[in-house]
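Below is one structure, written out as structure tokens; comments come after it.
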Amino acid sequence: MPENSLFFTKTLLKWNRESNTRMMPWKAEKDPYKIWLSEIILQQTRVEQGMAYYQRFILKYPTIRALAMANDTDVFKLWEGLGYYARCRNMLFTARFLYNNKKAVFPSRYEDILALKGIGTYTAAAIASFAFNLAYPVIDGNVTRVISRFFGVGEYVDLAIGKNIINNLAHKTIDKKSPGKYNQAIMDFGATVCKPVGPLCNQCPLSGKCLALMDNRVAQLPRKRGKIRIRDRYFHFLVIIQKDQIFIRERIARDIWQHLHEFVLIENGKLLSAKSFFSKCSNSIPTGISYSDLIYSSGEYKQQLSHQCIHARFILVKPKKEVKLDGFLTIPIGSLHRYAFPRIITKWLAENPFYSLP
DNA sequence: AAAGCGGGGTA
DNA sequence: TACCCAGCTTT
């Protein structure tokens, strides 16, 4: 087994030197701030999806100080569409923490990096190895897959037992001399060769000693526990327009899309037509708004989240009586673009420009 | 240990 | 459809 582990490490480094053609803007980057940003953006996010966001962020907020000074609305606007918005919140918090308490210097010890909000074991190891060449193995989806296949780990990798085995193997196989290079190598290898589906075993340099391949279990590994169940929710967005102003508010409840914005939201057990919406939800609808104020009602918009499926209808009204709403911002329609909204709302906005509506 | 959190790509 | 992606935090 130790010789297999050495073969594994050497082969990945060799593959990285000779065959790894994957290019990313933050490769060879040494600024811990930029590495941090790239790693946060890439949590549960494909490189191709995060690339443009990274470029825009670096341009607008090139330093810890710049990010610490930014206002929340602008930063969330830049994050809009990327998902997992707690990442954005935590980055802002940590940037301000570092700026106010650490002279805007990013910590260089693994434990100190790990202690920062929004940074877990993967991200701490990535920053420690890439920026400071410390020998901490990254363990992400790629690494878990490559290791579990090559070493034939059949335990559930999302349970403590399997995690421990992967963790031990990762520590055993990391190259102590070039941990950054090695971490980069194994992730790129997992993304381009040892892929989740359709791995390129026929041209894989590890195939000679890959236990999963020998046992014909490549497609079965890594093993994971059962899947989650998805909850359906039905959102009715009441879009209220009054003298070229529109009502929006920030979502602050303990729910999805925290710190993004929305219109008046009324949730129901099922998706209602505009007409039944006004009759069935009358006690949730702000006073002074009635069916006779209806200008337009959209079809069904759907969005699949990791744990929920959102069904939404947009109902546009222009109340005849003046309405006031507590907790809402009234902003000019022309300023909508400054605020971050969930994808389902930006999609509706894009397809229904207000100038085209009656 | 399990749940919750986005959005998009791929077979 | 189902699965997964350079995961983390809270329950």
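Quick note on labels: first sequence line is chain A, next is B, and so on, each numbered from 1. As a basis for the values below, the full set of heavy atoms in this structure was taken, side chains included, without hydrogen atoms, waters or symmetry mates.
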Item to complete: Could I get the full list of ring-ring contact (aromatic ring centres under 6.0 Å, His included) partners for A:Tyr182, not counting sequence neighbours?
Response: none

Worksheet item: How would you list all residue pairs meeting side-chain hydrogen bond (donor to acceptor under 3.5 Å, both in side chains) that involve residues 331-343 of chain A, not counting sequence neighbours?
Response: A:Arg343-A:Thr346

Practice prompt. Enumerate the residues from residues 90-102 of chain A whose closest heavy atom to DNA chain C is under 4.0 Å, giving them by residue number; use none for an empty result.
Written response: none

Practice prompt. Take the angle between the ring planes of A:Phe235 and A:Trp257 and call it parallel below 30°, perpendicular above 60°, tilted in between.
Written response: perpendicular

Practice prompt. Scan residues 13-21 of chain A against DNA chain C and write down, sorted by residue number, each residue with any heavy atom closer than 4.0 Å; if none is found, say none.
Written response: none

Fill in: Residue pairs passing the side-chain hydrogen bond (donor to acceptor under 3.5 Å, both in side chains) test where at least one lies in residues 150-169 of chain A, sequence neighbours excluded
A:Tyr156-A:Arg223

Could you tabulate the donor-acceptor pairs under 3.5 Å formed by side-chain atoms of residues 188-213 of chain A, not counting sequence neighbours?
from: A:Asp188; atom 1: OD1; to: A:Arg22; atom 2: NH1; distance (Å): 2.9
from: A:Asp188; atom 1: OD2; to: A:Asn20; atom 2: ND2; distance (Å): 2.8
from: A:Asp188; atom 1: OD2; to: A:Lys27; atom 2: NZ; distance (Å): 2.8
from: A:Asp188; atom 1: OD2; to: A:Gln184; atom 2: NE2; distance (Å): 3.4
from: A:Thr192; atom 1: OG1; to: A:Asp188; atom 2: O; distance (Å): 2.8
from: A:Ser207; atom 1: OG; to: A:Cys204; atom 2: O; distance (Å): 2.9

Discussion item. Expected output is a numbered-order residue list: members of residues 183-194 of chain A with a heavy atom under 4.0 Å from any atom of DNA chain B. What is it?
Written reply: none

Item to complete: Please list, chain by chain and in numerical order, all residues satisfying ring-ring contact (aromatic ring centres under 6.0 Å, His included) with A:Tyr291, sequence neighbours excluded.
Response: A:Phe278

Fill in: Contact pattern, 5' to 3', of nucleotides 4-11 of chain B - B, S or - by protein heavy atom under 4.0 Å
BBBBBB--

Practice prompt. Sequence neighbours left out, what passes side chain to side chain contact (heavy atoms under 4.5 Å, CB included) with A:Ser38? Give chain and number order.
Written response: A:Trp26, A:Tyr54

Item to complete: For A:Met24 and C:dC5, give me the distance from atom CE to atom C1', rounded to whole Å.
Response: 13 Å

Practice prompt. Would you list the pairs meeting ring pair (Phe, Tyr, Trp, His ring centres under 6.0 Å) in which at least one residue belongs to residues 125-148 of chain A, sequence neighbours left out?
Written response: A:Tyr110-A:Tyr136

Worksheet entry | Contact residues, residues 124-140 of chain A to DNA chain C [heavy atom, < 4.0 Å] | A:Asp140

